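Predicted model, so just to flag it, every value in this text is computed and none were measured. Numbered from 1 within each chain, the chains take letters A, B, ... in sequence-line order. Heavy-atom basis, side chains included; hydrogens, waters and symmetry copies ignored.
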Amino acid sequence: MTDATTRRISGRVTVRLRPGVLDVQGQAVAGALGDLGFGPTRVRVGKVFEIEVDAADADAARVRLTEMATRLLANPVMEDFEVEVD
Amino acid sequence: MRFAVVSFPGSNCDFDCVRVVREVLCQPARLVWHTEHDLGAVDVVLLPGGFSYGDYLRCGAIAARAPVMEAVRRFAAAGGPVLGICNGFQVLTEAGLLPGALGRNRGLDFVCADQWLLVDGRETPFTRGAPRDRAIKVPIAHHDGRYFADAETLDRLEGSGQVVFRYATASGEVRAEANPNGSAHNIAGICNAAGNVVGMMPHPERAAESLLGGVDGRMLLEGAIGVLA
């Protein structure tokens, strides 16, 4: 619920496999790109979560998205994440 | 021994586990829904296989945050035996009850096959009844079973005997060609530092009746009964 002290703010959490973690999906996509004639490529597949929250300001929204990433969206064993707020 | 079998939306081996506990082990089994906050009076907890929450986000990730998992956490902290099978193993890693993570199989295939395993490492409630001088045959059926952990965690697991199942050949040799999914160190199952929480990708409940192709999995579940009897 948006009230007088908050506004709807949109942002993005980008989750990527950590460097060095085998990305079999990326390898498969790279293989398919090769088949289409794009030559040798290196592909890493990640995820983007577009999230809207009600928050007082961009900093507060960034804190919320960071907590979401930490608690659910990324698995720190294999993944890193980045938070952006519009 | 009273068993709890935890059921999430999308679990599909929960009734297989209940059947084996009741009909083969002749023990009481209670199906516990994911929204419950209390396991009831139980002695062993099984987290079954399947596709909890459609495997959305990551396998086991959403189930690991379900209300029932707080009860599983308390049960495990008190030393109660917990076995996560396949998706249940993924749930235990996502919940932080076991270290590491399970990634997409190296070959990208869903692998459904009989698999030979070597029982290894420290004794756990689920491995105490299993032979160590031969391989055991327990089927696997998964898409995301490639065990992964950083080098430091792998060293710690190996050093403390926490790797309790490894993919092996029929003659019990742990070799690269016996590894169906690219798991680090051929790891098929691990336990926590205390030894009471075990996760494994193979399905012991599918190898509990000779009519269904073997009884090696039954020994693992029977171990949990013996340890508390």
CG on B:Asp150 to CE on A:Met78, rounded to 0.5 Å
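Rounded to the nearest 0.5 Å, the CE-CG separation comes out at 11.0 Å.
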Measure the CG-CZ distance between A:Leu22 and B:Arg106 for me, rounded to the nearest 0.5 Å.
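Between A:Leu22 CG and B:Arg106 CZ, I get 9.0 Å after rounding to 0.5 Å.
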Does atom CD (A:Glu50) have a neighbourhood of more than 12 heavy atoms from anything else shown, all under 6.0 Å?
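It does not: A:Glu50 CD has 12 such atoms or fewer within range.
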B:Phe110 atom CZ, over 12 foreign heavy atoms within 6.0 Å:
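Yes - once you tally the heavy atoms of other residues, nucleotides and ligands closer than 6.0 Å, there are more than 12.
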Under 4.5 Å from any heavy atom of chain B - which part of A:Gln27:
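Neither part, no heavy atoms under 4.5 Å.
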Toward chain B, the part of A:Arg18 with a non-hydrogen atom under 4.5 Å
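Neither part.
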Against chain A, work out which of B:Pro99, B:Gly100, B:Ala61 has the most heavy-atom pairs shorter than 4.5 Å and name it.
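Ranked by heavy-atom pairs under 4.5 Å with chain A, first place is B:Gly100.
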Under a 3.5 Å distance rule, please check whether B:Arg104 uses its side chain to pair with a backbone N or O of A:Asp23 as donor and acceptor.
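Such a contact is absent between B:Arg104 side chain and A:Asp23 backbone.
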Quick one: are B:Asn105 and A:Val24 in side-chain contact, heavy atoms under 4.5 Å?
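A side-chain contact under 4.5 Å is absent here.
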So do B:Arg58 and A:Glu79 actually touch side chain to side chain, heavy atoms under 4.5 Å?
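Yes. Closest side-chain heavy atoms under 4.5 Å.
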Closest approach of A:Asn75 to B:Ala101 (non-hydrogen atoms, all atoms of both residues)
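Looking at all heavy atoms of both residues, the closest pair is ND2-CB, 3.9 Å.
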Please report the shortest heavy-atom distance between A:Leu73 and B:Leu57, naming the atom on each side.
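Taking A:Leu73 first and B:Leu57 second, the nearest heavy atoms are O-CD1, 4.0 Å.
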